[in-house]
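Here is the naming used below: chain letters follow the sequence lines, and residue numbers restart at 1 for every chain.
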There are 2 protein chains.
Amino acid sequence: MDARAASARQMIAIYRTRPEGLENCPVRNVVQNVFGKWSALLLMVLAEKPYRFGELRRLVPDISQRMLTQTLRDLQRDGYVHREVFPTKPPSVEYSLTDMGRSMFDSLQHLLHWAENNVAAVHAARQRFDDAEAGSNAT
Amino acid sequence: MDARAASARQMIAIYRTRPEGLENCPVRNVVQNVFGKWSALLLMVLAEKPYRFGELRRLVPDISQRMLTQTLRDLQRDGYVHREVFPTKPPSVEYSLTDMGRSMFDSLQHLLHWAENNVAAVHAARQRFDDAEAGSNAT
DNA sequence: TAGCCCTGCTCTCATTTTGAGACCAATGGC
DNA sequence: GCCATTGGTCTCAAAATGAGAGCAGGGCTA
């Protein structure tokens, strides 16, 4: 009917033509990395300006060094992030968004803005759900 | 400078004012659920039309029944999905997008469309990365 | 009336992913 | 010599996920 339904049908169609399974749906394959636990947050930080490894670590203190390394490498592999090593002593590494990363982030921004504008509505929905659940449990 | 950087700064600012940690960043808290491994896919399917539990299971065969139940409950809790039980024998359950779910999905769509249009570019970037890595390993 | 199937789940256990923190090499300052 | 810096990797524990059995309540068929 509308673009929304058409897109869903298209993705489902792509999906169902492949008996091998959903891993082969190309759209999902691309989106999956952006949906990683830390990906969006790092992209958001890097959208502001380039940062060094240690700076990212300080800006996002609840990420482990291990996951920071891994997430940055995944984003670099997909072409969203550029990694540049400077021959200082000790060597420093700077991460920045590529043009493709900026292009993708512009699309991601719509969802982030929706979230900013609807935090209260989502929290209200959660509250209603939890209250209803507690009520039915207490019966 | 632009909206992109302003939004990042805003989120980082919200974040840094809370010594308790990033879990309290309201935007991240909301977005996290949409970024779940199966959330976007289910939203996309439900954007087409309402479906019953078993239908969703057949449409997305590589999701486990456990994760389907759990993801649908999370989406329902956040107010994106409506769950309705019909008193048939045996009872059947229908899941559909709420108005809020549709509103959110419209924002998510931008990213999905970007992915559809850039699958080839991402795959090319991955190929370059993997080739470079293999080359440096073989040195 | 026994046995089997359907619905939409939940429970258990194995595998995978993530987190916490130690360790590393090279260098600079004291 | 000794400790701190850089950007990592390695190991082991905890958490999330997958695979598959079990379950309740009915309707079929025989």
Taking side-chain hydrogen bond (donor to acceptor under 3.5 Å, both in side chains) as the definition, give me every residue that meets it alongside [X], ordered by chain and number, with sequence neighbours left out.
| X | answer |
| --- | --- |
| Q127(A) | D131(A) |
| R83(A) | Y95(A) |
| S64(A) | none |
| R77(A) | D130(B) |

**OP:** Output the residues of residues 73-86 of chain B in contact with DNA chain D, where contact means a heavy atom of the residue under 4.0 Å from an atom of the strand; sort by number or write none.
**Re:**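 When residues 73-86 of chain B is checked for heavy atoms under 4.0 Å from DNA chain D, there are no hits whatsoever.
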Check nucleotides 2-6 of chain D for protein N or O atoms closer than 3.5 Å to its own N or O atoms and list the pairs.
unit_1: dT6(D); atom_1: O3'; unit_2: R52(A); atom_2: NH2; d: 3.3

Original post:
Taking any atom under 4.0 angstrom from a heavy atom of chain B, which nucleotides of DNA chain C are the first and last to qualify, 5' to 3'?
Top reply: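 Using the under 4.0 Å cut-off, the span is dC6(C) to dT12(C).
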Original post:
What residues form a ring-ring contact (aromatic ring centres under 6.0 Å, His included) with H110(A), not counting sequence neighbours?
Top reply: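 Applying ring-ring contact (aromatic ring centres under 6.0 Å, His included) to H110(A) gives H110(B).
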**OP:** Report whether F129(B) and L75(A) are members of the same hydrophobic cluster (ILVMFWY, side-chain heavy atoms less than 4.5 Å apart, transitive linking).
**Re:**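 Different clusters.
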Subject >> Heavy-atom side-chain contact between R126(B) and N29(A) under 4.5 Å >> reply: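 Yes, side chains in contact.
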Original post:
Taking only residues two or more places apart in sequence, or in another chain, which ones meet A40(B) in a side chain to side chain contact (heavy atoms under 4.5 Å, CB included)?
Top reply: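 Only F35(A), L108(B) meet the side chain to side chain contact (heavy atoms under 4.5 Å, CB included) criterion with A40(B).
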Original post:
Who are the side chain to side chain contact (heavy atoms under 4.5 Å, CB included) partners of S103(A), not counting sequence neighbours?
Top reply: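 Only W114(B) meet the side chain to side chain contact (heavy atoms under 4.5 Å, CB included) criterion with S103(A).
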All N/O pairs under 3.5 Å across the protein-nucleotides 17-24 of chain D interface:
unit_1: dG18(D); atom_1: OP1; unit_2: K37(B); atom_2: NZ; d: 3.3
unit_1: dG18(D); atom_1: OP2; unit_2: W38(B); atom_2: NE1; d: 3.3

Subject >> Donor-acceptor pair, side chain of R102(B) and main chain of L97(B), under 3.5 angstrom >> reply: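 Side chain of R102(B) to backbone of L97(B), a donor-acceptor pair under 3.5 Å: yes, one is there.
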Original post:
Within the side chain of T98(B), is there an N or O that forms a donor-acceptor pair under 3.5 Å with the backbone of H82(B)?
Top reply: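 No; judged by distance alone, with no hydrogens or angles, the pair does not exist.
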**OP:** Would you mind listing every side-chain hydrogen bond (donor to acceptor under 3.5 Å, both in side chains) that reaches into residues 65-76 of chain B, with sequence neighbours excluded?
**Re:**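 The answer is none; no pair qualifies.
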